[in-house]
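Structure first, then comments.
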Amino acid sequence: EPEVTQTPSHQVTQMGQEVILRCVPISNHLYFYWYRQILGQKVEFLVSFYNNEISEKSEIFDDQFSVERPDGSNFTLKIRSTKLEDSAMYFCASSEPSGGLNTGELFFGEGSRLTVL
Amino acid sequence: RKEVEQDPGPFNVPEGATVAFNCTYSNSASQSFFWYRQDCRKEPKLLMSVYSSGNEDGRFTAQLNRASQYISLLIRDSKLSDSATYLCVFPSGAGSYQLTFGKGTKLSVIP
């Protein structure tokens with residue numbers, strides 16, 4: 001069964017360092033997303049990406065964050081200068097060409113746990 | 001009123017029991033609703049969509065009450081494997097690809 005894969009599964013970094021989280025969405029999907037979940041909190045939307053550009057972003061997704069699709073398979077989230085409050089599980093997701101609006105089905109990766117010290 | 005509210009639980013039920021969760025939402029314009037399931041420290045996975053006429057899939061039944069602005073999830077004949085957190089989810093706006101997640105209701109099915 002096709003799946004979304006994410007690397008690394010866990011990253012520990014020092015405050016102020018740059019972090020890049022990588023994702024390989026499902027191959028025929030066209031919509032890509034990053035969500036995050038702080039421990040014990042709800043899943044929060046960060047950004048959606050379609051046709052090589054950001055389609056929506058939340059207030060959380062400030063200038064410290066950026067996304068890129070450097071080639072035909074990878075989708076990355078970069079945090080330029082990490083803060084303590086960036087510690088969370090970051091989930092990449094993708095959805096089918098319809099965008100998942102009708103079915104509500106986003107396929108999530110297993111997540112990358114980021115710990116900022 | 002918060003966008004979406006769920007009773008956090010935990011709901012501790014014996015195997016075979018029937019359990020129901022509610023989720024209230026504030027955006028009366030929402031047309032689509034979904035229940036996702038999240039196992040401990042795992043990714044969310046779609047359980048079922050909620051249609052205006054309700055939706056049933058095996059032991060799971062989802063209902064929508066627009067007048068009172070809540071959706072419900074009923075699980076019959078609970079299995080140990082149903083233990084998880086159940087997330088109420090809906091699109092954040094018309095034409096939006098952004099999903100809003102509730103904080104979830106934790107279910108523990110006990111042998």
Side-chain angles (χ1 to χ4, degrees), chain A residues 1 3-6 9-10 23 25-26 29-51 53-61 67 88-113 115, chain B residues 2-10 21 23-27 29-52 54-55 57 60 62 64 71 73 84-106:
Chain A
E1 184 178 319
E3 58 180 20
V4 175
T5 57
Q6 291 186 240
S9 56
H10 188 193
C23 169
I26 295 174
H29 285 184
L30 299 179
Y31 294 84
F32 315 115
Y33 313 84
W34 283 100
Y35 283 77
R36 79 171 186 190
Q37 187 174 31
I38 295 170
L39 188 64
Q41 302 298 314
K42 64 180 182 179
V43 176
E44 298 176 292
F45 170 79
L46 292 179
V47 65
S48 59
F49 192 86
Y50 170 71
N51 199 24
E53 60 182 26
I54 291 173
S55 46
E56 288 177 285
K57 60 182 181 179
S58 71
E59 291 177 354
I60 302 169
F61 195 87
V67 289
M89 180 74 91
Y90 288 81
F91 291 109
C92 174
S94 67
S95 62
E96 292 180 338
S98 67
L101 268 187
N102 295 326
T103 66
E105 184 154 28
L106 267 55
F107 293 81
F108 285 84
E110 293 188 338
S112 293
R113 180 167 297 283
T115 302
Chain B
K2 292 181 183 176
E3 282 186 297
V4 55
E5 291 194 65
Q6 296 184 250
D7 182 342
F21 315 129
C23 164
T24 58
Y25 61 92
S26 60
N27 185 356
S30 294
Q31 297 294 315
S32 311
F33 303 90
F34 315 101
W35 284 102
Y36 271 71
R37 169 195 168 126
Q38 186 174 29
D39 293 300
C40 188
R41 296 183 181 272
K42 296 285 190 179
E43 74 274 22
K45 291 183 179 177
L46 180 68
L47 178 65
M48 60 196 310
S49 304
V50 186
Y51 307 122
S52 57
N55 192 14
D57 183 5
F60 299 85
L64 166 63
I71 63 172
L73 178 67
T85 296
Y86 291 84
L87 311 176
C88 173
V89 182
F90 58 92
S92 299
S96 171
Y97 295 96
Q98 175 183 160
L99 294 180
T100 295
F101 285 76
K103 203 171 174 182
T105 297
K106 186 173 181 180

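Keep in mind the model is a prediction, meaning the values are calculated, not measured. Proteins get letters first, then strands, A, B, ... in listed order; numbering begins at 1 in each.
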Between [atom1] of [X] and [atom2] of [Y], what distance do you get to the nearest 0.5 Å?
X         : Y        : atom1 : atom2 : result
Ser55(A)  : Gln98(B) : OG    : CD    : 10.0 Å
Leu99(B)  : Glu44(A) : CG    : CD    : 13.5 Å
Glu105(A) : Lys45(B) : CD    : NZ    : 11.0 Å
Lys42(A)  : Glu3(B)  : NZ    : CD    : 6.0 Å

Handout entry: salt bridge (charged side-chain N to carboxylate O under 4.0 Å, His left out) against Arg113(A), all qualifying residues, sequence neighbours excluded
Key = none
Handout entry: Per-residue contact mode, Leu46(A) against chain B (heavy atom under 4.5 angstrom)
Key = neither
Handout entry: Contacting moiety of Gln37(A), where chain B heavy atoms sit under 4.5 Å
Key = side chain
Exercise for the section: Answer yes or no: are there more than 12 heavy-atom neighbours, outside Glu110(A) itself, under 6.0 Å from its atom CD? Expected result: no
Practice task
Taking ring pair (Phe, Tyr, Trp, His ring centres under 6.0 Å) as the test, write out the residues that go with Tyr35(A), two or more places apart.
Solution key: Phe45(A), Phe108(A), Phe101(B)
